[in-house]
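Everything below concerns the one structure shown next.
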Amino acid sequence: MSMQTHLFRCLSDNYGVLVHDPDSGQTASIDVPEEAAVRAALGDTGWTLTHILITHHHNDHIGGLAGLKAPGITVVGPRKDAARIPGLDVLVGEGDAFSFGGEEVKVFETPGHTSGHITYWMPKAKLVFAGDTMFAMGCGRLFEGTPADMWSSLSKIAALPPETKVFCGHEYTLSNAKFAVTADPDNAALKARLAEVEKKTAAGIPTVPTTVAEELATNPFVRANTDEVAAAMGMPGASPEKVLGEVRARKDSF
Ligand code: ZN
Ligand code: FE
């Protein structure tokens, strides 16, 4: 049987997600925004927590860690952030892999939002857990990194097989989409996606997960290497890093 996922909302606009392998019975929580919400999700699914995979040190991603950590639960997290994430059992960085639910999980370092941020890829299950690096039609704010860092990080995710499902840390999609149409104004796929996201959001339906293919087609940060987005930024011929920096600055004040 294949890997199952369970997405749930928590805090103000965070997503939690559980990943479960029915064969081994192993279950991972990707980040732990809030103890009570993770426990409720485990109750709803009947799954038993065996792993916690942390993407970055922000409290809305590790707030439930102290309460959930228990013997028999393996906590994996970024080696570079070991000093500011208490309770990590397994430290990982670029190119590392570990086994979960009978498959290999690969780790990318994806700095930009924070310096230690990592992303988890499950190639067999075709899932990627991008934390606050890639959002649907957006990317994380650059608190501890440069536009070049974020471009390189987004490029790692964008290079995965197009059908890969992308789980991210927040429901920011409608606001991202409203901005995205200003940064890539002639993109028909993006306009169609905005309309779809407006409907889903009005109906209370999550817009996550997205896919690599959808982000390649509609995410202005991922598309910072296109003539269209460079032109919309008034920067024809500029490098993707520079264009991304301008897109990010405009989104920050949108
Ligand atoms: Zn964050
Ligand atoms: Fe966050």
Side-chain angles (χ1 to χ4, degrees), residues 5-19 28-38 41 52-68 75-88 91-94 107-121 127-154 156-157 165-177 179-180 201 206-210 215 219 221-222 244-245 247-249 251-252 254:
T5 57
H6 176 76
L7 182 79
F8 55 97
R9 293 178 197 262
C10 47
L11 302 175
S12 58
D13 51 29
N14 277 76
Y15 276 122
V17 58
L18 300 179
V19 188
S29 179
I30 313 299
D31 287 331
V32 280
E34 195 183 18
E35 180 184 350
V38 175
I52 294 173
L53 313 185
I54 298 291
T55 63
H56 69 295
H57 76 283
H58 284 158
N59 199 53
D60 62 314
H61 297 257
I62 66 166
L65 189 50
L68 288 161
V75 185
V76 183
R79 181 178 296 117
K80 285 185 177 165
D81 271 341
R84 53 184 184 178
I85 307 175
L88 299 181
L91 303 177
V92 292
E94 182 72 21
V107 176
F108 302 121
E109 291 184 356
T110 49
H113 177 66
T114 68
S115 57
H117 196 298
I118 59 174
T119 289
Y120 298 95
W121 178 39
L127 303 173
V128 69
F129 300 96
D132 288 358
T133 297
M134 182 186 285
F135 294 123
M137 290 172 280
C139 75
R141 280 180 185 259
L142 301 180
F143 290 123
E144 298 179 357
T146 63
D149 291 331
M150 184 55 86
W151 173 250
S152 149
S153 295
L154 291 177
K156 292 177 187 177
I157 300 170
K165 282 186 186 165
V166 182
F167 284 86
C168 55
H170 294 266
E171 177 64 57
Y172 290 158
T173 313
L174 181 57
S175 135
N176 285 344
F179 167 75
T201 305
T207 62
V208 171
T210 172
E215 296 317 304
N219 186 321
F221 298 91
V222 173
L244 186 150
V247 178
R248 187 64 259 175
K251 175 65 168 76
D252 287 346
F254 182 67

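Whatever order the structure lists ligands and atoms in, that order sets their numbers, starting from 1. All values derive from a computational prediction rather than experimental measurement.
- With hydrogens and angles ignored, the 3.5 Å screen pairs no side-chain donor or acceptor of Glu171 with any backbone N or O of Pro206.
- Under the 3.5 Å distance criterion, with hydrogens and angles disregarded, a donor-acceptor pair is assigned to the side chains of Asp149 and Thr146.
- At a cut-off of 2.8 Å, measuring from the Fe ion (ligand 2), the protein N, O or S atoms that fall short of it are Asp60 OD2, His61 NE2, Asp132 OD2, His170 NE2, waters left aside.
- In terms of modelled atom types and a separation under 3.5 Å, the side chain of Lys156 and the main chain of Glu109 share a donor-acceptor contact.
- For Tyr172 (side chain) and Cys139 (main-chain N/O), no donor-acceptor pair under 3.5 Å exists by modelled atom type.
- Within the protein, the N, O or S atoms lying under 2.8 Å from the Zn ion (ligand 1) are His56 NE2, His58 ND1, His113 NE2, Asp132 OD2.
- His61 and Asp132 share a side-chain donor-acceptor pair at under 3.5 Å.
- Ring geometry for Phe129 versus Phe167: interplanar angle under 30°, hence parallel rather than tilted (30 to 60°).
- A donor-acceptor pair shorter than 3.5 Å can be found between the side chains of His117 and Thr110.
- Around the NZ atom of Lys251, the shell of radius 6.0 Å holds more than 12 heavy atoms that belong to other residues, nucleotides or ligands.
- In terms of modelled atom types and a separation under 3.5 Å, the side chain of Asn219 and the main chain of Gly138 share a donor-acceptor contact.
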